[in-house]
2 protein chains.
Amino acid sequence: MNWKNIFPQFEPPLIELIEKEAVQRSFAAGDIIMRTGQYIKSTVLVLEGRIKIYRENQDGGEFLIYYLEPGQACAVSMICAIQSHTSELMAVAEEDTEVLMIPVHLMDDMMNQYKTWYQFVIQTYRARFDELLSVVDNIAFRNMDERLEFFLKRYSEKTGKKKLEISHQQIADDLNSSREVISRLLKKMEQRNLLKLHRNMIELF
Amino acid sequence: MNWKNIFPQFEPPLIELIEKEAVQRSFAAGDIIMRTGQYIKSTVLVLEGRIKIYRENQDGGEFLIYYLEPGQACAVSMICAIQSHTSELMAVAEEDTEVLMIPVHLMDDMMNQYKTWYQFVIQTYRARFDELLSVVDNIAFRNMDERLEFFLKRYSEKTGKKKLEISHQQIADDLNSSREVISRLLKKMEQRNLLKLHRNMIELF
DNA sequence: CAGCCTTCGTGACAGTAATCACAGCTATCC
DNA sequence: GGATAGCTGTGATTACTGTCACGAAGGCTG
């Protein structure tokens, strides 16, 4: 696929280098791209699809941090890559996903030689840091009802759809809550005329 | 003061540059170093003392993110600096504090020219990102009692003391909880023989 | 010493969310 | 069509936390 349209900001020599050295790879929906504690060998750029980045704790609980979309990159994989650390996060393909994997050992040179790459990396750091901060905001200051509204809004923006094909259980998992709580809150939102509930689908107004 | 000992990893030409261009500044305990929404003009390196970085919400709630110690730098100020964004966090001197302020406009060149600076910045990003992640872990997965234990442990490590001079109210603020809750939990911990309570002081065992 | 402020202890109550229990409903697969 | 599995709705109960109320104790100041 023609990935240059997805990263139009990259300068031609950088594109050439990536073309030569990077590996393109496909993941099916549900595939695990990176798991907690795994050693990182590549920086991941998303070309197509959607990747869910989440935190996992020992007793099976999970917690959504953010989604990665085409044109975005995994900040963790960059930072870890540069320092050869392991990842502290899980990454799973939410849809069928295409990524470009750039070997770690190229990172240093790329940072030095290609201004557009350097800017992209800095940009990525900041964006992820901000998203992480807004996650903290939400769990620290908001109740589940507000967090749920925020989640649905974000999900709709990310997928570009008003009809969200997602089950209550999945939402509960992402918010580290339980299905019953989410069902009840959704019901209340339906009564407030913010949305309409269907099977396996939530229609936002 | 001789700050070179605090950043021994910097290469000599970088030290010269900083010596020439950076401004050293003192803050008294309690001074606000950076406030939410403020435009950032300098990157802050901590020489002495301790800076508390926290998030503030509209109704006066606050939430501790992390502390900065001598030898550390504010990742936010770096990212924001490079991109001329505003800060989303508050920074307050917890003790009398000395910092070095490096004007924003030098950042790009420093990143390109000084390997040790580049590494320091990357290192800082990663460290702050990780700390932020552990904050998320705590509020997402842990109850107040565990969060309190974690807080006390971290506080003790950061100050290097077993006798923490801090009031229940201050702890409650940092954890975005209330004084009564903290008092009760501390009492329980005292009964479990983990610590001893005094006025304005908590003695860890 | 008397007044005052801050800190701390504790009981009572309320609201949020997690958990358990169970029932109905839809879709799919033999 | 009947069995089965997954999704949804709802009540009852419980645990945790935040809020209100009030009192006691320590320390500071005039």
Side-chain angles (χ1 to χ4, degrees), chain A residues 29-30 57-64 136-152 155 163-204, chain B residues 29-30 57-64 136-152 155 163-204:
Chain A
N57 77 342
Q58 49 277 40
D59 14 288
E62 52 183 84
F63 191 93
L64 172 68
V136 171
D137 262 19
N138 274 289
I139 32 180
F141 298 128
R142 314 234 174 267
N143 285 346
M144 195 54 82
D145 52 355
E146 289 182 279
R147 287 174 51 202
L148 177 57
E149 285 192 41
F150 181 83
F151 173 89
L152 294 174
Y155 196 88
K163 303 192 174 185
L164 315 181
E165 288 162 28
I166 190 171
S167 74
H168 299 184
Q169 185 63 61
Q170 283 172 271
I171 299 176
D173 289 344
D174 282 356
L175 295 175
N176 192 46
S177 175
S178 68
R179 204 257 319 153
E180 296 92 320
V181 172
I182 300 301
S183 283
R184 269 189 269 266
L185 292 176
L186 283 171
K187 211 66 194 160
K188 275 190 204 162
M189 289 176 71
E190 190 176 37
Q191 284 157 10
R192 283 166 52 207
N193 249 303
L194 299 174
L195 48 77
K196 185 151 168 49
L197 296 175
H198 308 268
R199 186 188 175 77
N200 255 319
M201 195 264 277
I202 298 171
E203 187 181 357
L204 297 187
Chain B
N57 79 341
Q58 49 277 40
D59 11 290
E62 53 182 82
F63 192 93
L64 172 69
V136 171
D137 263 17
N138 274 289
I139 30 180
F141 297 129
R142 314 235 174 268
N143 285 346
M144 196 53 81
D145 51 355
E146 288 182 278
R147 288 174 51 203
L148 177 57
E149 285 192 43
F150 180 82
F151 173 87
L152 295 174
Y155 197 87
K163 303 192 174 184
L164 316 181
E165 289 162 28
I166 189 172
S167 74
H168 300 184
Q169 185 63 62
Q170 283 173 272
I171 300 175
D173 290 344
D174 282 356
L175 294 175
N176 193 45
S177 176
S178 68
R179 204 256 320 156
E180 296 92 321
V181 172
I182 300 301
S183 284
R184 269 190 270 266
L185 293 176
L186 283 172
K187 210 66 193 158
K188 276 190 205 163
M189 289 176 70
E190 190 177 36
Q191 284 157 11
R192 282 166 54 209
N193 249 303
L194 299 174
L195 47 78
K196 184 151 169 49
L197 297 175
H198 307 268
R199 186 186 174 79
N200 256 318
M201 196 262 277
I202 297 171
E203 187 181 357
L204 297 187

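No experiment lies behind these values; they were computed from the predicted model shown. In what follows, chains are A, B, ... by sequence order, proteins preceding strands, each numbered from 1.
Rounding to whole angstrom units, CD of residue A/E190 and P of D/dG9 are separated by 7 Å. Atom CE in A/M201 sits roughly 18 Å away from atom C1' in D/dG6 (whole-Å rounding). Going from atom CD of A/Q170 over to atom C1' of D/dT8 covers 14 Å, rounded to whole Å. The separation between A/N200 atom CG and D/dG6 atom C1' is 9 Å, rounded to whole Å. When the C1' atom of D/dG18 is taken as reference, atom CZ of B/F63 falls 16 Å away, rounded to whole Å. As a whole-Å value, the separation of B/L186 CG from C/dC8 P is 9 Å. The NE2-P distance, from B/H168 to C/dT7, rounds to 10 Å in whole Å. Between the NZ atom of A/K188 and the P atom of C/dG15 there is a distance of 12 Å, rounded to whole Å.
Nearest heavy atoms, A/F63 versus A/L175: CE1-O, 4.2 Å.
The salt bridge (charged side-chain N to carboxylate O under 4.0 Å, His left out) analysis of residues 139-151 of chain A, with sequence neighbours excluded, yields the pairs A/R142-A/E146, A/E149-A/R192.
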What string of B, S and - do you get for nucleotides 17-25 of chain C, 5' to 3', if B is base contact, S is sugar-phosphate-only contact and - is no contact with any protein heavy atom under 4.0 Å? SBBBB----
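Between B/H198 and C/dC8, a side-chain N or O to OP1/OP2 separation shorter than 4.0 Å is absent.
With hydrogens and angles disregarded, no donor-acceptor distance shorter than 3.5 Å links the side chain of A/E203 to the backbone of A/K196.
Between the CD atom in A/E190 and the CG atom in A/L195 there is a gap of 6.5 Å [rounded to 0.5 Å].
With no hydrogens or angles considered, no side-chain donor-acceptor pair links B/D174 and B/Q170 at under 3.5 Å.
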Less than 3.5 Å apart, which donor and acceptor atoms pair up between the side chains of residues 176-185 of chain B and the rest of the protein, not counting sequence neighbours?
from, atom 1, to, atom 2, distance (Å)
B/N176, ND2, A/A140, O, 3.1
B/S183, OG, B/H168, ND1, 2.8
B/S183, OG, B/R179, O, 3.3

